[in-house]
Amino acid sequence: MPTMNIIQAVNSALRIEMAREPNLVVLGEDVGKFGGVFRATSGLHDEFGPERVIDTPLAEGGIIGTAIGMALYGMRPVPEIQFADFIFPAFDQIVNELAKFRYRSGGEYPCPVVIRTPYGGGIRGGHYHSQSPEALFIHTPGLKVVIPSNPVDAKGLLLSCLRQNDPVLFMEPKRIYRASRGDVSEDDYTIPLGVANVTRPGDQVTVIAYGAMMPIVTEAADKAADEGISCEVIDLRTLLPYDIDTLTASIQKTGRAVIVHEAPRTCGFGAELVATLCERAMEYLEAPILRVTGFDTPFPYSLEHEYMPNADRVLTAVRKTLEW
Amino acid sequence: MPTMNIIQAVNSALRIEMAREPNLVVLGEDVGKFGGVFRATSGLHDEFGPERVIDTPLAEGGIIGTAIGMALYGMRPVPEIQFADFIFPAFDQIVNELAKFRYRSGGEYPCPVVIRTPYGGGIRGGHYHSQSPEALFIHTPGLKVVIPSNPVDAKGLLLSCLRQNDPVLFMEPKRIYRASRGDVSEDDYTIPLGVANVTRPGDQVTVIAYGAMMPIVTEAADKAADEGISCEVIDLRTLLPYDIDTLTASIQKTGRAVIVHEAPRTCGFGAELVATLCERAMEYLEAPILRVTGFDTPFPYSLEHEYMPNADRVLTAVRKTLEW
Amino acid sequence: MVAVKLQQDDLRRVLDDDGHVIKGAQIPTIPDADLVRLYDHMMLVRIMDDRMMRLQRQGRIAFYMKSVGEEATHFAVYALRADDWFFPSYREQGAWFWRGYSVEDYIHQLFGNDRDPIKGRQMPVHHSHSPSHCVSISSPVGTQIPQAVGAAQAMRIAGTDQCALTFFGEGTSSTGEFHVAMNFAGVMKAPVVLICRNNGWAISVPREKQTAAKTFASKAVGYGMPGVRVDGNDILAVIQASQEAVARARAGDGPTMLELLTYRVQGHSSSDDPTAYRDPNEPETWELRDPVRRFRTYLQDRDLWSEKLESDITDKHNDEITRVTADAAECGTPPVESMFDDVFEDLPWHLAEQRDYLLAQPRTKSPHAH
Amino acid sequence: MVAVKLQQDDLRRVLDDDGHVIKGAQIPTIPDADLVRLYDHMMLVRIMDDRMMRLQRQGRIAFYMKSVGEEATHFAVYALRADDWFFPSYREQGAWFWRGYSVEDYIHQLFGNDRDPIKGRQMPVHHSHSPSHCVSISSPVGTQIPQAVGAAQAMRIAGTDQCALTFFGEGTSSTGEFHVAMNFAGVMKAPVVLICRNNGWAISVPREKQTAAKTFASKAVGYGMPGVRVDGNDILAVIQASQEAVARARAGDGPTMLELLTYRVQGHSSSDDPTAYRDPNEPETWELRDPVRRFRTYLQDRDLWSEKLESDITDKHNDEITRVTADAAECGTPPVESMFDDVFEDLPWHLAEQRDYLLAQPRTKSPHAH
Ligand SMILES: Cc1ncc(C[n+]2csc(CCOP(=O)(O)OP(=O)(O)O)c2C)c(N)n1
Ligand SMILES: Cc1ncc(C[n+]2csc(CCOP(=O)(O)OP(=O)(O)O)c2C)c(N)n1
Ligand SMILES: [Mg+2]
Ligand SMILES: [Mg+2]
């Protein structure tokens with residue numbers, strides 16, 4: 001099996017599905033001849049032509065709006081938003097249109113649009129090339145939200161998204177776009193949505209994360225192990241609908257949990273996980289569930305390294321739940 | 001003191017501040033000659049003229065974008081978004097510009113824009129005239145979020161917003177716009193931001209809500225009292241920054257809490273309150289903090305009455321925390 | 001009036017203000033049977049609007065929007081084939097009926113009852129009808145415009161000669177959606193007809209406060225597409241211009257923008273009170289150009305109209321509306337568990353739990369139960 | 001090249017391709033001292049771009065954007081007064097220097113160090129300078145356009161004769177922001193100058209894929225304002241057209257849109273590689289119209305240029321840049337607690353807690369520390 005990074009894995013998934021599904025079209029800014037500023041659509045323009053790999057004018061609202069129209073007609077558009085930070089001009093089309101179309105039409109008009117967008121910090125991008133807005137979309141009924149943390153999952157999850165009939169926001173962890181490498185089959189395979197991945201079994205503290213935070217929680221779990229602390233590490237993969245059974249089972253076992261995301265703390269996805277897990281597993285909890293998150297400031301530039309959660313902070317939180 | 005409803009109280013606050021502060025301008029769709037579709041700006045156009053009470057073209061992004069420019073120059077714009085459901089075309093200007101201006105300019109460019117918008121269900125408005133998107137803005141660093149529940153607070157809180165220097169989203173509970181009436185002084189007075197209101201002291205269960213949910217939790221607390229259950233009812237009034245001390249103190253006393261909002265449950269503001277209160281008061285909690293919220297569906301039309309939280313559901317949750 | 005007086009020159013018309021054919025005007029070829037059917041549907045809209053607004057005033061439906069004076073614009077869809085797509089705004093009732101949406105579905109939707117084809121999900125007048133490719137109506141104005149462009153582009157990619165047609169009000173031309181849609185359409189040469197239904201008002205905001213452009217049609221210049229200004233109260237001019245635009249689309253010549261000049265004779269909706277912001281005499285001057293009266297005159301000139309036809313049509317529609325309204329009022333509310341359907345194709349765990357929770361609660365009666 | 005060849009007719013020019021005055025051209029009145037200062041600043045931009053991109057290649061700054069070939073467009077701000085406001089895009093360095101932003105501030109911002117006037121908050125090239133009313137640069141393109149219109153309208157309400165001037169790229173004319181801003185400006189008759197810096201490319205997307213309109217200036221028609229097409233590599237034409245537009249604004253005649261036709265000679269930014277998407281020979285044809293060379297020729301014709309002037313300017317700027325860069329490299333990172341300042345005017349409890357939490361953690365060193 002060839003080694004791929006996340007970009008190559010995404011590219012492989014798109015290529016496989018475009019060959020299989022003639023109705024799949026890719027559209028966005030610079031996705032055509034250039035193959036995308038991160039090169040995720042590289043080669044697709046030459047292979048499938050300008051009618052199926054479309055360089056659009058500079059307007060995210062137009063990209064999503066036209067993608068919705070294509071989907072209503074029966075196509076399978078896969079728009080790319082160049083950076084998650086630039087998704088907001090399309091916010092109305094996403095939350096008021098895409099998310100509500102099936103519902104508001106009494107089921108007459110499904111709208112299977114899969115929006116791909118790189119998200120997150122750690123690339124010295126400042127406010128506008130670093131945001132993690134997943135919570136805004138998780139709070140919007142009608143959208144699925146998927147975030148892979150490695151090339152194998154990226155390909156398998158994306159292929160699953162392209163073969164189901166609901167709108168999906170597929171957020172790609174650009175910080176580890178190239179750094180995360182793995183052996184990825186060139187063949188067609190899928191990884192089911194809604195199923196988390198227990199990347200490391202353990203019995204003392206459950207550590208929950210996704211996307212670019214996975215390498216960090218893994219490092220923290222290693223350090224914890226050196227101290228004799230056994231962490232169970234869970235990669236959510238699908239944020240909505242998330243895998244409640246795996247989370248609950250783990251917390252019933254460990255009685256302790258730390259949730260990690262780089263998005264701002266207040267009203268971040270971590271809060272929802274804490275609230276729901278407390279409702280279901282309160283009697284098992286030996287300590288409050290702790291959150292290690294980005295801060296409630298706009299994403300800073302020079303102090304990015306202090307803003308981002310890191311293994312030490314996760315480890316500190318892990319220890320704290322044990323000492324509580 | 002005259003009796004006013006919330007619309008009249010808002011109108012009174014705007015009139016007082018426009019007379020006091022020549023830089024205050026009101027702008028939006030239909031806010032001028034017509035006085036707004038809910039008549040909140042009624043009379044201001046005739047009193048202060050078309051240059052300070054501006055009927056804009058139909059574009060929320062333009063309303064907020066121009067308001068930002070006015071604020072940068074030194075004015076105090078108070079844009080109205082006709083329904084919170086229609087704020088999304090302005091989402092980029094709000095989250096990427098308004099919320100970040102002071103920060104990104106190193107403090108050079110404060111941006112005191114106070115956005116008024118009616119929110120919430122209960123008026124047979126369906127998807128697009130009923131949404132409660134407060135969590136999206138609470139999750140956005142740089143914005144304050146304020147939601148009054150009665151005419152007295154509406155006037156005092158709005159005057160406070162107009163006299164501080166940060167951007168504020170002032171969300172008005174349109175379901176009780178006219179139904180909520182009270183004696184409101186015609187004079188100038190303010191109610192501080194960040195301070196919750198304990199509308200009913202109690203010692204068994206803390207019930208936390210805001211805006212249009214206040215009449216409902218009050219009704220529930222009455223019914224609970226009939227059953228001999230003592231609820232402490234808290235009206236948050238300011239959602240960000242919210243009054244953590246009042247909340248924590250109450251829960252340390254009661255050991256039980258129910259949080260009520262009409263916005264969808266997943267990643268709603270209730271989740272943040274649960275997570276934060278568990279972190280700080282876990283040892284005092286006798287039961288999991290429960291949430292009574294809207295469901296994770298687009299806001300329905302015919303089944304609105306089943307969608308909205310009501311006193312019975314709040315009461316059921318109150319009982320449940322006591323039985324736990 | 002202003003715009004009409006100023007701009008008569010570049011305004012396409014077939015019928016004069018009275019409804020007689022203007023000398024030398026290019027008359028679209030429409031079979032007599034269709035002419036009568038068009039008149040029948042125009043009358044249906046006017047009668048329906050009158051009846052439904054009365055229902056609303058009686059509190060039997062929550063909300064309604066009339067299109068009195070704008071009915072002729074609806075029949076731009078006469079230029080479409082059944083397999084073309086229609087992306088409406090909320091004020092084109094006639095287009096729905098013409099494409100096959102039934103009076104039953106229309107009225108049950110207004111009641112949001114258990115026979116509402118969209119399951120009581122949306123406010124009155126937010127219809128959806130996929131069999132006729134009439135796309136679900138949304139309240140946020142303008143969102144349908146880029147969607148129409150996308151569907152049209154998809155038709156081209158699929159290699160068909162279908163096209164899409166979309167409506168929006170002149171106020172909506174101020175939205176970003178209008179701009180990105182027009183621009184994408186121009187660049188993609190999408191087979192789409194973009195219709196600005198210029199009725200002079202956006203709730204309380206007059207046309208003059210929406211744009212400083214001389215006409216809305218002139219905005220097409222900025223997108224490299226033709227923009228045509230048409231008398232929107234002249235059904236023949238509307239159909240003629242639409243057929244031309246549809247022909248361009250099918251021929252691969254790209255998009256066309258039409259400005260249909262008309263007038264919102266009454267309030268914006270059942271929630272509105274125009275006396276609060278406009279001269280109460282303004283409508284009268286416009287009623288002179290009533291599209292129904294003008295079309296009737298044309299039919300008379302063609303010997304296609306009679307008192308009997310008029311009363312037959314009126315009675316037929318009134319009777320049907322009476323019957324369906326009675327049925328609709330008998331219907332119940334959609335089942336409570338249906339609230340959780342269609343959020344996704346399948347019901348995820350959290351919605352299943354929320355449904356079970358709700359079903360376990362005492363049922364709350366609608367304060368407005370039918 | 002295409003557009004230039006096609007559209008020479010409606011393109012305003014003062015200098016020919018070599019830099020000699022075109023017969024009958026309307027030359028703006030600019031004092032000799034200013035002409036030399038303008039040349040000095042044009043050189044500063046070109047030297048700065050070259051030096052900073054080299055720093056970026058050495059990994060000493062994270063990111064940079066050059067404007068080689070577009071320098072003349074920056075000096076549209078020559079038409080402004082100190083009390084007017086400037087709402088920039090990210091590629092108008094010269095305008096900043098002209099309005100008084102210092103080389104120190106400029107370079108410290110690129111380093112994001114503890115002398116960066118905006119406290120290391122933003123990526124390189126996202127400057128802010130309130131003393132000269134240069135508004136903070138944002139990455140999301142187009143957001144500055146409605147803001148400029150709002151500021152301009154505020155100036156009018158305040159009864160001053162100030163105006164606002166904003167820049168955006170031709171790609172940005174596709175955004176909804178452009179449309180709503182142009183439309184508001186037209187309706188409000190705001191004293192604003194809206195400048196489309198048409199350099200032919202939006203990263204990898206050529207002008208032809210942004211719009212089907214013949215020219216960007218033609219978009220002004222849809223907003224009822226004048227749109228003027230100017231040779232953007234001809235600094236005199238740029239200043240002449242800008243002065244005219246500013247005069248209109250001050251006189252209360254409303255907004256003007258300018259399309260400054262220029263060319264992005266190099267990559268979009270330090271992250272870009274144009275060879276991946278455009279003909280490597282394309283730039284050469286444009287370098288022939290190099291705005292610096294053309295202006296130099298004009299100064300020579302006016303006896304205002306000498307070899308000595310050239311070398312003095314070059315040495316002065318190079319020396320200053322060398323000195324400031326050395327200082328900047330010595331500076332530290334902004335203090336960690338400063339991360340929490342300026343989110344709000346005062347620090348709310350939750351940010352105070354987050355700051356205390358962070359301060360209690362072991363300091364993490366920047367992987368890219370200066
Ligand atoms: C994005 C958005 N903003 C505001 C509204 C509220 N609103 C509903 S209709 C309307 C006026 C629309 O006028 P126009 O486009 O001319 O259409 P008309 O009603 O005249 O047919 C407004 C402001 C809305 N529905 N959507
Ligand atoms: C809203 C938004 N979408 C996408 C981007 C990414 N992006 C940065 S610059 C750019 C191209 C801009 O081209 P143009 O407006 O012509 O300006 P130029 O770079 O040529 O000066 C794009 C797509 C962005 N910054 N903002
Ligand atoms: Mg209108
Ligand atoms: Mg460009």
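Because the structure is predicted, anything quoted here is derived from the model rather than measured. In what follows, chains are A, B, ... by sequence order, proteins preceding strands, each numbered from 1.
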Side chain, backbone, both or neither: which part of B:Pro57 has a non-hydrogen atom closer than 4.5 Å to chain D?
both
Under 4.5 Å from any heavy atom of chain D - which part of B:Gln93:
side chain
Proximal component of B:Leu240, with respect to chain D [non-hydrogen, under 4.5 Å]:
side chain
Name the member of D:Val187, D:Val180, D:Ile118 that forms the most heavy-atom pairs with chain B at distances under 4.5 Å.
D:Ile118
Can you tell me which portion of B:Ile54 sits under 4.5 Å from chain D's heavy atoms? Options are side chain, backbone, both or neither.
side chain
Measure from NZ or CZ of B:Arg104 to the centre of the six-membered ring of B:Phe101 and say whether it is under 6.0 Å with the direction within 45° of the ring axis.
yes
Between B:Asp92 and chain D, with a heavy-atom cut-off of 4.5 Å, which part of the residue counts as in contact: side chain, backbone, both or neither?
side chain
Could you have a look at D:His133, D:Met339, D:His179, D:Arg156 and say which one has the most heavy-atom pairs with chain B under 4.5 angstrom?
D:Met339
Most chain B-contacting option - heavy-atom pairs closer than 4.5 Å, from D:Asn183, D:Asp341, D:Asp116
D:Asp341
Partner chain B: residue of D:Val149, D:Asp342, D:Thr143, D:Asp346 with the largest heavy-atom pair count (under 4.5 Å):
D:Asp342
Is there a side-chain contact between B:Arg76 and B:Leu162 (heavy atoms, below 4.5 Å)?
no
Please verify the inter-ring angle class for D:Tyr106 with D:His127; under 30° counts as parallel, over 60° as perpendicular, anything in between as tilted.
parallel
Report the option among D:Pro146, D:Gly176, D:Ala148, D:Ala181 that has the most heavy-atom pairs separated by less than 4.5 Å from atoms of chain B.
D:Pro146
Which bit of B:Ala59 is near chain D, if near means a heavy-atom gap under 4.5 Å: side chain, backbone, both or neither?
both
Pick from D:His129, D:His126, D:Met188, D:Gln144: which one has the most heavy-atom pairs with chain B under 4.5 Å?
D:His129
Check the side chains of D:Arg355 and D:His350 for a donor-acceptor pair under 3.5 angstrom, ignoring hydrogens and angles.
no
Only one of B:Asp55, B:Ile63, B:Ile81 passes side chain to side chain contact (heavy atoms under 4.5 Å, CB included) with B:Glu29; say which it is.
B:Ile63
Please flag which part of B:Met70 lies under 4.5 Å from any non-hydrogen atom of chain D: side chain, backbone, both or neither.
both
Could you tell me whether the side chains of D:Gln153 and B:Tyr73 share a donor-acceptor contact shorter than 3.5 Å?
no
Counting C-beta onward and ignoring hydrogens, is there a side-chain heavy-atom pair between B:Ile244 and B:Leu277 closer than 4.5 Å?
yes
Provide the closest heavy-atom pair for B:Glu97 versus D:Ser138 in the form atom of the first, atom of the second, distance.
OE2-OG, 2.5 Å
